[in-house]
S.K.: 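Pasting in a structure now, in structure tokens, and then I'll have a few things to ask.
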Amino acid sequence: MKPFTYARASSVQDALRLAGTTAGAKYLGGGTNLVDLMRETVERPDALIDVTALPAEIEVTQDGGLVIGAAAKNTALARNRTVRERYPVLARAVLAGGSAQIRNMATVGGNVLQRTRCTYFYDDAARCNKRVPDAGCDAIDGFNRMHAILGGSSACVATHPSDMCVALVALDAVVHTDGSAGSRSMRLVDLHRLPGGQPEVETELTPDELITAVELPQLPFAARSTYRKVRDRASYAFALVSVAAALDVADGAVRDVRLALGGVAPKPWRAWKAERALRGQPATRASFHAAADAELADAAGLRDNGFKIELARQTIAAVLAGLAGQRP
Ligand SMILES: Cc1cc2nc3c(=O)[nH]c(=O)nc-3n(C[C@H](O)[C@H](O)[C@H](O)COP(=O)(O)OP(=O)(O)OC[C@H]3O[C@@H](n4cnc5c(N)ncnc54)[C@H](O)[C@@H]3O)c2cc1C
Ligand code: SF4
């Protein structure tokens with residue numbers, strides 16, 4: 001592992017000051033992803049700025065939403081009473097990730113910015129455009145069972161690994177940041193980029209930009225929401241397909257819906273087309289399948305992952321049917 005310096009920031013201002021005066025620095029959350037990548041020499045920062053002492057509170061906002069400090073641990077988020085009662089999809093998504101020990105270490109900011117689990121990305125003997133721009137991509141013609149069916153490019157077909165982000169994107173989360181150019185807020189759905197010809201550029205953030213909080217708007221019908229993760233093992237495995245959904249049904253029809261997918265795309269995938277197809281339709285299996293078909297119309301399988309298209313279709317329909325109170 002390359003030598004690096006370490007400093008612990010005492011506040012957001014302190015973190016930004018350290019970032020501005022330390023060349024080659026990266027922020028350090030729980031280190032559950034970054035330190036692994038440093039061991040593999042995929043990440044080679046000169047300095048780490050520990051941001052785990054920054055705000056970690058989870059608080060109801062004046063307009064009834066919820067603000068989550070970026071240093072909040074994944075465990076604290078999943079255990080929070082307001083999250084469990086008002087946004088159960090988020091508690092379930094967080095609990096579907098990693099193991100108890102990892103969730104005890106991992107922070108919300110770090111979870112948002114965790115990097116892909118594409119095995120070629122971790123293997124420095126493999127060609128990977130994300131690790132070495134213009135090197136090529138060994139996944140496209142290689143073993144690509146875990147890779148993307150939506151949103152990939154000829155340069156990269158890696159999936160985004162976060163479960164938490166899928167729920168946050170479904171809930172219209174907003175990310176608050178601070179950096180040398182000042183503070184700003186953006187929708188989480190706009191933070192991660194699709195790979196296009198530049199898979200090494202994964203987000204809209206600038207290098208010194210610090211995530212300070214994630215905010216959820218009030219969404220009363222999210223009390224009826226859930227997360228389902230389909231994976232090879234019941235724990236300690238990343239999603240083949242996951243679905244985050246909240247459903248509002250009145251008089252047998254879909255009044256409103258929020259739907260996002262994980263395990264299928266290079267970013268947490270908001271299923272806008274499925275949502276549009278569903279609003280105002282009868283809350284029936286036929287409508288749920290039609291909505292899934294609308295979302296997946298552009299999906300394309302690679303050599304080993306074509307099964308994900310039907311898996312996603314069935315999982316979307318099953319999750320929505322469950323939220324509508326229908327039998328599986
Ligand atoms: C064995 C294993 C299994 C796992 N399984 C799952 C799973 O099933 N589902 C899942 O979703 N995840 C899974 N994970 C990943 C885990 O959720 C992430 O490693 C974790 O969320 C990262 O959080 P962290 O605080 O440790 O981030 P770190 O590793 O500290 O940082 C990750 C990145 O975020 C940046 N960063 C951290 N905080 C900030 C901030 N406030 N502002 C700006 N940048 C910041 C860092 O610079 C780094 O680039 C697994 C991890 C392991 C090791
Ligand atoms: S899919 Fe992306 S991350 Fe994986 S090898 Fe190809 S370029 Fe690298």
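Whatever order the structure lists them in is the order used to number ligands and atoms, beginning at 1.
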S.K.: Strictly under 4.0 Å, does any heavy atom of Ala155 approach an atom of ligand 2?
M.R.: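 Yes, that is the case, since the closest heavy atom of the residue is under 4.0 Å from the ligand.
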S.K.: Which of the numbered atoms in ligand 1 are under 4.0 angstrom from any heavy atom belonging to Lys229?
M.R.: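 Matching atoms, with element in brackets: 7 (C), 8 (O), 9 (N).
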S.K.: Identify whether the distance between the nearest side-chain nitrogen and carboxylate oxygen of Asp46 and Arg44 falls below 4.0 Å.
M.R.: no
S.K.: Measure the distance from atom 38 (N) of ligand 1 to every protein heavy atom, then report the residue, atom name and distance (to 0.1 Å) of the closest one.
M.R.: Gly110 N, 3.6 Å
S.K.: Determine, using heavy atoms of Ala239 and all atoms of ligand 1, whether some pair is separated by less than 4.0 Å.
M.R.: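 The answer is no: ligand 1 sits nowhere under 4.0 Å from a heavy atom of Ala239.
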S.K.: Mark up the atoms of ligand 2 that fall under 4.0 Å of a heavy atom belonging to Lys130, in ascending order.
M.R.: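 So the atoms of ligand 2 that pass are 3 (S), 7 (S).
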S.K.: Short list, please: which atoms of ligand 1 are under 4.0 Å from a heavy atom of Lys26?
M.R.: 47 (O), 49 (O)
S.K.: If only atom types and distance count, is the side chain of Thr116 paired as donor or acceptor with the main-chain N or O of Thr159 below 3.5 Å?
M.R.: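 Here the side-chain-to-backbone pair exists.
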S.K.: Got a salt bridge between Arg313 and Glu295, using NZ or NE/NH1/NH2 to carboxylate O under 4.0 Å?
M.R.: no
S.K.: With heavy atoms only and a cut-off of under 4.0 Å, state how Pro161 meets ligand 1: side chain, backbone, both or neither.
M.R.: backbone
S.K.: Please report which non-hydrogen protein atom sits nearest to atom 2 (Fe) of ligand 2, along with the residue it belongs to and the distance in Å to one decimal place.
M.R.: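 Among all protein heavy atoms, the one nearest atom 2 (Fe) of ligand 2 is Cys156 SG, 2.3 Å.
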S.K.: Quick one: look at Arg115 and ligand 1, take heavy-atom pairs under 4.0 Å, and tell me if it's side chain, backbone, both or neither.
M.R.: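 Neither; nothing of Arg115 gets under 4.0 Å from ligand 1.
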S.K.: Starting from atom 4 (Fe) of ligand 2, what is the nearest protein heavy atom, named by residue and atom, and what distance separates them?
M.R.: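 Residue, atom and distance for the closest contact: Cys118 SG, 2.3 Å.
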S.K.: Just by distance, no angles: are the side chains of Ser185 and His176 close enough, under 3.5 Å, to form a donor-acceptor pair?
M.R.: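 There is such a pair (donor and acceptor under 3.5 Å, judged by atom type) between the side chains of Ser185 and His176.
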S.K.: When you look at Asp14 and Arg8, which way does the salt bridge (Lys or Arg N to Asp or Glu O under 4.0 Å) test go after all the steps?
M.R.: CA-CA 9 Å; Asp14 194 30; Arg8 188 169 164 85; over 6 Å; no
S.K.: Treating Asp190 as the side-chain partner and Met186 as the backbone partner, does any N or O pair qualify as donor plus acceptor under 3.5 Å?
M.R.: no
S.K.: Quick check on atom 6 (Fe) of ligand 2: does Cys128 put an N/O/S atom closer than 2.8 Å to it?
M.R.: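 Checking Cys128: none of its N, O or S atoms is under 2.8 Å.
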S.K.: Under 4.0 Å between a Lys/Arg side-chain N and an Asp/Glu carboxylate O for Arg145 and Asp232?
M.R.: yes
S.K.: Give a yes or no answer on whether the side chain of Asp208 reaches the backbone of Ser180 with a donor-acceptor pair at less than 3.5 Å.
M.R.: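 It does hold such a pair.
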S.K.: So, 2.8 Å as the limit: is an N/O/S atom of Cys137 located closer than that to atom 2 (Fe) of ligand 2?
M.R.: no
S.K.: One thing to verify: whether Asp141 and Arg303 come together as a salt bridge, which I'm taking to mean a side-chain N less than 4.0 angstrom from a carboxylate O.
M.R.: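 Looking at Asp141 together with Arg303, the answer is no, because their closest N to O distance does not fall below 4.0 Å.
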S.K.: Which heavy atom of the protein is the closest neighbour of atom 18 (C) of ligand 1, given with residue, atom name and distance?
M.R.: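 I find the closest protein heavy atom is Thr32 OG1, 3.4 Å.
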S.K.: Check Asp124 with Arg131, please: is the shortest side-chain N to carboxylate O separation under 4.0 Å?
M.R.: no
S.K.: At a 4.0 Å threshold, what atoms of ligand 2 neighbour a non-hydrogen atom of Val157?
M.R.: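 Every atom of ligand 2 under 4.0 Å from some heavy atom of Val157: 1 (S).
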S.K.: Look at atom 12 (N) of ligand 1 and find which of Glu202, Met38, Gln101, Gln114 reaches it with the closest heavy atom.
M.R.: Gln114
S.K.: Which atoms of ligand 1 sit under 4.0 Å from any heavy atom of Tyr236?
M.R.: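 The atoms of ligand 1 under 4.0 Å from a heavy atom of Tyr236 are 1 (C).
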S.K.: Do the side chains of Arg115 and Glu43 get close enough for a salt bridge, i.e. N-O under 4.0 angstrom?
M.R.: yes
S.K.: With backbone taken as N, CA, C and O and side chain as the heavy atoms from C-beta onward, which portion of Ile102 lies under 4.0 Å from ligand 1: side chain, backbone, both, or neither?
M.R.: side chain
S.K.: Just jot down the ligand 2 atoms closer than 4.0 angstrom to any heavy atom of Tyr120, in number order.
M.R.: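 It comes down to these atoms of ligand 2: 5 (S).
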S.K.: Under a 4.0 angstrom heavy-atom cut-off, which atoms of ligand 1 come close to Leu210?
M.R.: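 Answer, ordered by atom number: 40 (C), 41 (N), 42 (N).
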